[in-house]
Amino acid sequence: MSSSTPAKRQKQRKVLLMGKSGAGKSSMRSIVFSNYVAKDVRRLGATIDVEHSNIKFMGNLMLNLWDCGGQDGFVENYLTNQRTHVFGSVAVLIFVFDIESREFQADVISYSNIIRALTECSPTAKVFILIHKMDLVQLRLRSQLFEERAEYIRASSEGFRDSVDFFPTSIWDQSLYKAWTQIIYFLIPNAQKIESALKDLADVIDARELVLYERTTCLMVTHVTRGAELSNPYTDRFERISSILKTHKQSMAKHTSLPPNAANFAELHIKTGRFMFFITRLTENTNLAVDIPPSEQVFNAARMNIMLARPKFAELDIASKAKAGTQGVGGEDSGDRDGVAA
Amino acid sequence: MRYLQDLPDADVPQSPEQPRYHTGKLPNSKAGDGKPRLMLMGQRRSGKSSISSVVFHKLPPSETLYLETTTRIKKQSMHSFMDFQVWDFPGHLDYFDPQFDVDNIFSEIGALIWVIDAQDEYLEAIGKLNETILNLQNTFPDINIEVFVHKVDGLSEDYKSDTFQDIIQRVQDELSDQGYENAPVSFYQTSIYDHSIFEAFSKVIQKLIPQLPTLESLLNSLCSNCRIEKAYLFDVLSKIYIATDTSPTDIGSYEICSDYIDVVVDVAEIYGWPDRPAQDEEAEGQQQEAGNNNAESLITMERKGNNYLYMREINQYLALICLMGDDSPADKKALIDYNVGVFEEAMAQVFPR
């Protein structure tokens, strides 16, 4: 193993989570990162000052999440005394708007103050806006209201006007996972390399689709889709699977009375006449979901090949080693496939 | 491990007589078309329509707030492993009003489900329930009466069991005062916000399945031969279990199995979309070879490396879900598959269609 190489340094990325008090920042964080279910968030109290959490993601990526309490007093403090401390070296700012807020104008003013501080201290940061609690709006009004709000907020985004991304979210459905998947994808430093390695793997095992999930959060890292699966009508399937896996994890934890972060399955198979599907561990922090044609041979060969590809992906976790890893996966696995087929 | 085929008594019941019903009573079906009725009755606003929407129409429990008051009898036909009808009665009706055709309503009934709101004053509801029971016992003494003490989610643990006991006591006291001892009345604590309503419905339906003893003994032998801790036979659509082995049941194992069905059904929906383009024809051909048309699924746990949950589709409606025992080794899957295969054949004889 190349554990001694200097390349294995942790890449810390600072993520600010901001928004008005009660907008749902901590609820969101607890669901995505701390194995809460939507119902449990009622127990959460107001966040005092800043709560830091470090989340390890795909080996070398360390998320340094700052959940910033949204009460006016705290925000005032961030913008004055702690300005450089809070807004310095930020990789991503996630700003949460409450769709039900009665003082939308005031929220936007507070938002532009924060944007100004961000422009000053970390002008290269990326801004994501989550318009939250969308479940409270009637279904037919949702997209229209979302667009209106998004336009209004964009207009006060100053330097970030062109780069800011908007997502409608709710903790009660998979939209939360959709938004966070995009955010995580932005933060992963070697996403393209992982993707190309996955693509090689998919070709070798003749998979219809491969989806790489982070283990604890069940957020999608990336996916590869081939052939007919491209026309799968369920375009929200990645978020849906995130949400399915997360719910199931809860229920397993409850039943086995293990702590939620330990109740992992080693493998999940689903075989039907139309497709075969399994989820298995790929690296220390990731699970791989595999969708293949319904055939026992393909299934067994795929499992074998994924097992053999594991060390290569483990190396891929270390950014500078990625190149060697990518080639290794393709080369070695095609060999294996020949072996199995023969 | 032994194979199920070696067990002589795991097949059809030996007696040539009609299989007896679990309760020892035949539902008094006039037409004999095997379509038992479930009647949902009770005071208004006790939660009857909410129950039928949540259980049979998969309405999210939070949405039941918006249901309108039921003003006339709603009849719904459920098509599943067995067909049954669910009749949702408006709460304000007097069921024995002469202008109702009492005979017609009650003659083909399978079970009468009486819903009592545990969070409300329940004395009046109990009075009406007893009136109904007494009325029915003259004409249709074989009807199963099932009392759902409903909305218990809002009560504290102590208060909940006190209320439950109180209701049972009052119903039985009043009935025996009227000279009706040992009435066929069962009680359940239910809530639409957890699995208890499904569990209660499962038990109600099980009483209406004539093949239940056969199913139970089949499941028992499967369990003992494959080191299965608990096995359920689920109706996939409604997530009601129609049989389980005779080891003690706890709501926890029902919950995990029911959640597991959700996982499998959801994934199957996502990747089993029907109109794949023609280029996949080849793969479909391979599948015919493999001959694996019934879905199956398995979860292996990380910590101990043992099997944990096993699912196999038995027929169009039913699925077998097993919670594996702690000592069930992961490498014996082939044997388990074989045994379940035999179980499936036996099931095909129990439910011929």
Side-chain angles (χ1 to χ4, degrees), chain A residues 39 135 172-173 206 208-209 211 215 227-238 240-241 243-245 247-258 262-281 287 289-299, chain B residues 60 62 193 195 250 252-260 262-313 323 326 330 333:
Chain A
K39 258 197 311 203
D135 54 298
W172 300 96
D173 60 31
D206 194 23
R208 285 173 178 166
E209 185 157 83
V211 193
R215 241 167 125 71
E229 203 62 52
L230 285 169
S231 44
N232 189 322
Y234 299 101
T235 46
D236 61 346
R237 58 189 183 276
F238 311 113
R240 273 176 69 177
I241 293 178
S243 152
I244 293 167
L245 291 179
T247 319
H248 184 248
K249 209 174 154 137
Q250 296 291 339
S251 106
M252 275 203 317
K254 194 172 159 202
H255 184 256
T256 53
S257 50
L258 289 169
N264 292 317
F265 52 72
E267 222 165 52
L268 161 76
H269 304 169
I270 297 176
K271 299 178 182 175
T272 74
R274 289 181 191 278
F275 69 96
M276 289 196 181
F277 175 86
F278 65 95
I279 299 181
T280 184
R281 189 176 63 81
N287 272 345
V290 184
D291 168 35
I292 49 177
S295 148
E296 285 287 341
Q297 296 95 309
V298 176
F299 183 82
Chain B
S62 51
Y193 291 96
H195 292 80
D250 69 296
S253 16
Y254 171 80
E255 279 172 15
I256 181 97
C257 292
S258 148
D259 289 344
Y260 181 37
D262 282 341
V263 173
V264 177
V265 168
D266 287 349
V267 173
E269 187 190 340
I270 291 173
Y271 286 113
W273 49 288
D275 348 283
R276 286 185 182 281
Q279 67 210 60
D280 256 28
E281 284 294 296
E282 204 183 329
E284 300 295 325
Q286 284 179 357
Q287 167 245 319
Q288 292 302 326
E289 273 170 51
N292 183 13
N293 276 315
N294 282 353
E296 70 164 71
S297 171
L298 178 73
I299 289 182
T300 318
M301 280 306 268
E302 185 180 45
R303 281 294 168 83
K304 305 168 202 146
N306 59 351
N307 289 334
Y308 178 48
L309 279 167
Y310 178 88
M311 191 213 86
R312 172 94 154 238
E313 203 178 13
L323 258 172
D326 276 341
K333 177 159 183 299

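The basis for the numbers below is simple: all heavy atoms, side chains too, and nothing from hydrogens, waters or symmetry mates. First the proteins, then the strands, lettered A, B, ... as listed; each starts at 1.
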>> Restricting to non-hydrogen atoms, name the atom on A:Tyr234 and the atom on B:Glu269 that form the minimum distance, rounded to 0.1 Å.
In response: CE1-O, 3.1 Å
> What pair of heavy atoms forms the shortest contact from B:Ser297 to A:His269, and how long is it?
Replying inline: OG-O, 2.6 Å
>> What verdict does the side chain to side chain contact (heavy atoms under 4.5 Å, CB included) test give for B:Val267 and A:Phe275, after you've listed the backbone C-alpha separation in whole Å, the side-chain angles of each residue and the deciding distance to 0.1 Å?
In response: CA-CA 10 Å; B:Val267 173; A:Phe275 69 96; 4.3 Å; yes
Straight-line distance of [X] [atom1] to [Y] [atom2], nearest 0.5 Å:
{"X": "A:Arg208", "Y": "B:Tyr271", "atom1": "CZ", "atom2": "OH", "value": "10.5 Å"}
{"X": "B:Glu255", "Y": "A:His255", "atom1": "CD", "atom2": "NE2", "value": "9.0 Å"}
{"X": "B:Met311", "Y": "A:Ile270", "atom1": "CE", "atom2": "CD1", "value": "7.5 Å"}

> Partners of A:Ser251 by side chain to side chain donor-acceptor pair (under 3.5 Å), sequence neighbours excluded?
Replying inline: B:Asp259
> Taking C-beta and beyond as the side chain, do B:Ile256 and A:Lys254 meet within less than 4.5 Å on heavy atoms?
Replying inline: no
> Looking at side-chain heavy atoms only, is the closest gap between B:Ile270 and A:Arg240 below 4.5 Å?
Replying inline: yes
>> Against B:Val263, only a single residue in A:Thr247, A:Ile241, A:Ile244 fulfils side chain to side chain contact (heavy atoms under 4.5 Å, CB included); can you say which?
In response: A:Ile244
> Is there a side chain to side chain contact (heavy atoms under 4.5 Å, CB included) between B:Tyr308 and A:Leu268 once you walk through the steps?
Replying inline: CA-CA 10 Å; B:Tyr308 178 48; A:Leu268 161 76; over 6 Å; no
